[in-house]
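First comes the structure, then the notes that go with it.
Bear in mind the structure is a predicted one, so any value in this text is a computation, not a measurement.
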Amino acid sequence: MSIAGRNAGFFLRFMNFSIVGRRNLKSSLPIKWVRPEKIPCFKPEKSGDLKPLVEVDTRQYPLEFRDSEELKTADETVKRLFTLEYFPRNKTVEVIRATYLDQVKRHQFDNQSPEARVARMTANIRSMQQLMERFPKNVRIKVRLKETIDKRKKLLKFLRTWDYKCFEWILDRLDLIYKPFPPQDVYKRVERKRSLRMLTDKYCEEIINEKIGKYKESLEAQQEEFLEEKIKTLKWIMKEEMDCGLDTSINEDDIKQVQDKLENLRKTRSQKSMSKQ
């Protein structure tokens, strides 16, 4: 076998070993990352709709036939045929839209104010969410629903900026939660590598804090002994300086200050031991 062939075989064995080693490698850190469940954008938990679509009595008439004089004197069978039960679903949605609109409109003919537009969008969103539960693979409704949710967010953002009282009032009236768009400079995709790095950093920080806490406890346990030794040392220094006829660098106030600190430390420790008991 030539040198090139031997080198190629060695390279292949090395690559195979490295791949198998990486697959069998298990981290010794007690860190387990589970990918969070992705909530679709059209779900009520993501859109901010606290309540489902309001239920409407199907025995009532559509909007265009409510004031009909002929229906008032018509036969009962005809009246029943003109109820929402026998009309397409869009007629029921129109009645629901009018119900939401009546809750927030400024006057009888209000149709284009921000509150009225939010009410109409809310009716459309909850109606399409109901359809998505029945037909989850309908892409056309899904796209329309996402677009309507984004439009409502923009309109709510406008109200939040320029009329905060109206913004809070409409959220309360329509049972909504405002969930703004995530800022582009803060938002980051959920990735396994980044999440594991963050969990590892958190784990290391907890270990560091734990060790610092233990070291601090050990120093606090030696504090009483240290103060007693300090008092003895200060007294010895003051005595030696007096015996040598020098100006004392330590006076009684310095020693008393350390003694007070020692007494306070003993009091706090006795109180802690009594509270634990």
Side-chain angles (χ1 to χ4, degrees), residues 39-160 163-180:
I39 303 175
C41 60
F42 56 83
K43 288 286 186 181
E45 297 89 347
K46 207 75 175 282
S47 65
D49 293 270
L50 296 178
K51 290 187 179 180
L53 190 68
V54 65
E55 295 183 1
V56 177
D57 187 7
T58 56
R59 292 175 295 180
Q60 59 179 312
Y61 301 130
L63 296 177
E64 58 266 31
F65 296 113
R66 285 186 177 181
D67 299 328
S68 175
E69 296 294 334
E70 290 82 358
L71 278 177
K72 294 179 181 178
T73 59
D75 186 65
E76 291 297 326
T77 306
V78 176
K79 288 183 179 180
R80 185 180 177 188
L81 288 173
F82 273 83
T83 57
L84 292 172
E85 184 180 357
Y86 294 95
F87 272 81
R89 187 177 182 275
N90 61 339
K91 297 297 181 182
T92 305
V93 175
E94 286 181 2
V95 175
I96 294 171
R97 199 179 293 123
T99 304
Y100 281 107
L101 189 59
D102 291 339
Q103 297 179 11
V104 299
K105 63 183 181 181
R106 301 180 182 182
H107 50 79
Q108 183 181 358
F109 304 103
D110 182 19
N111 198 34
Q112 290 299 323
S113 65
E115 301 93 310
R117 290 161 61 193
V118 169
R120 287 203 310 273
M121 289 180 188
T122 302
N124 295 336
I125 286 168
R126 293 178 182 177
S127 173
M128 286 187 281
Q129 283 174 343
Q130 197 177 67
L131 285 176
M132 284 300 298
E133 291 180 0
R134 294 172 57 190
F135 311 106
K137 295 185 179 180
N138 194 323
V139 180
R140 183 175 63 86
I141 297 176
K142 181 179 178 181
V143 172
R144 283 181 55 199
L145 176 55
K146 186 178 185 305
E147 290 176 351
T148 311
I149 290 172
D150 291 344
K151 287 180 182 178
R152 187 179 66 177
K153 280 184 181 180
K154 290 180 181 178
L155 193 54
L156 288 172
K157 181 181 179 181
F158 171 80
L159 279 174
R160 187 170 181 258
D163 194 349
Y164 192 78
K165 289 185 178 180
C166 177
F167 167 78
E168 284 191 330
W169 177 77
I170 199 169
L171 292 184
D172 183 60
R173 294 289 292 174
L174 298 177
D175 298 304
L176 294 172
I177 292 179
Y178 175 62
K179 296 192 174 182

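To the nearest 0.5 Å, atoms OG1 (Thr122) and CD1 (Ile96) are separated by 12.5 Å. Separation of atoms CG (Asp163) and CH2 (Trp169) is listed at 10.5 Å; rounding is to 0.5 Å.
Taking every heavy atom of both residues into account, Leu53 and Ala123 meet most closely at CD1-O, 3.8 Å. Considering all non-hydrogen atoms of both residues, Arg89 and Gln130 come closest at NH2-OE1, 3.0 Å. Here the closest non-hydrogen pair linking Val95 and Pro62 is CG2-CA, 4.5 Å.
Within the 4.5 Å cutoff, side-chain heavy atoms of Val118 are placed close to those of Leu156. Taking 4.5 Å as the limit, some side-chain heavy atom of Asp49 sits within range of a side-chain heavy atom of Leu176.
Contacts of Phe135 classified as ring pair (Phe, Tyr, Trp, His ring centres under 6.0 Å), with partners at least two apart in sequence or in another chain: none. Tyr164 pairs by the ring pair (Phe, Tyr, Trp, His ring centres under 6.0 Å) definition with Phe167, not counting sequence neighbours. Checked against side chain to side chain donor-acceptor pair (under 3.5 Å), Arg120 has the following partners two or more places apart in sequence or in another chain: Asn111. Remark: Arg66 engages Gln60 in a side chain to side chain donor-acceptor pair (under 3.5 Å) (not counting sequence neighbours). Residues meeting the ring pair (Phe, Tyr, Trp, His ring centres under 6.0 Å) test with Phe82, sequence neighbours left out: Phe65. Applying the side chain to side chain contact (heavy atoms under 4.5 Å, CB included) criterion to Glu85, with sequence neighbours excluded, gives Thr58, Arg80, Thr83. Residues passing the side chain to side chain contact (heavy atoms under 4.5 Å, CB included) test with Lys151, sequence neighbours excluded: Met121. With sequence neighbours excluded, the residues that form a side chain to side chain contact (heavy atoms under 4.5 Å, CB included) with Lys43 are Ile39, Pro40, Glu45.
The ring-ring contact (aromatic ring centres under 6.0 Å, His included) analysis of residues 138-157, with sequence neighbours excluded, yields no pairs. For residues 100-110, the set of pairs meeting the side-chain hydrogen bond (donor to acceptor under 3.5 Å, both in side chains) definition, not counting sequence neighbours, comprises Tyr100-Arg126, Asp102-Lys105, Arg106-Glu115, Asp110-Ser113. Under the salt bridge (Lys or Arg N to Asp or Glu O under 4.0 Å) criterion, the residue pairs touching residues 51-64 are Lys51-Asp175, Asp57-Arg59, Glu64-Lys91, with sequence neighbours excluded.
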ask   = Run the side chain to side chain contact (heavy atoms under 4.5 Å, CB included) check on Met132 and Gln129 step by step: do they pass?
value = CA-CA 5 Å; Met132 284 300 298; Gln129 283 174 343; 5.5 Å; no
Below 3.5 Å, can you tabulate the donor-acceptor pairs from side chains in residues 140-149 to any protein atom, sequence neighbours excluded?
from, atom 1, to, atom 2, distance (Å)
Lys146, NZ, Asp150, OD2, 3.3
Thr148, OG1, Arg144, O, 2.7

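Using a 3.5 Å distance cut-off with no hydrogens or angles, the side chains of Ser127 and Arg97 do not pair a donor with an acceptor.
The closest donor-acceptor contact from the side chain of Arg173 to the backbone of Ala119 lies at 3.5 Å or more, if one exists at all.
At most 12 heavy atoms of other shown residues, nucleotides or ligands fall within 6.0 angstrom of atom CG in Asp67.
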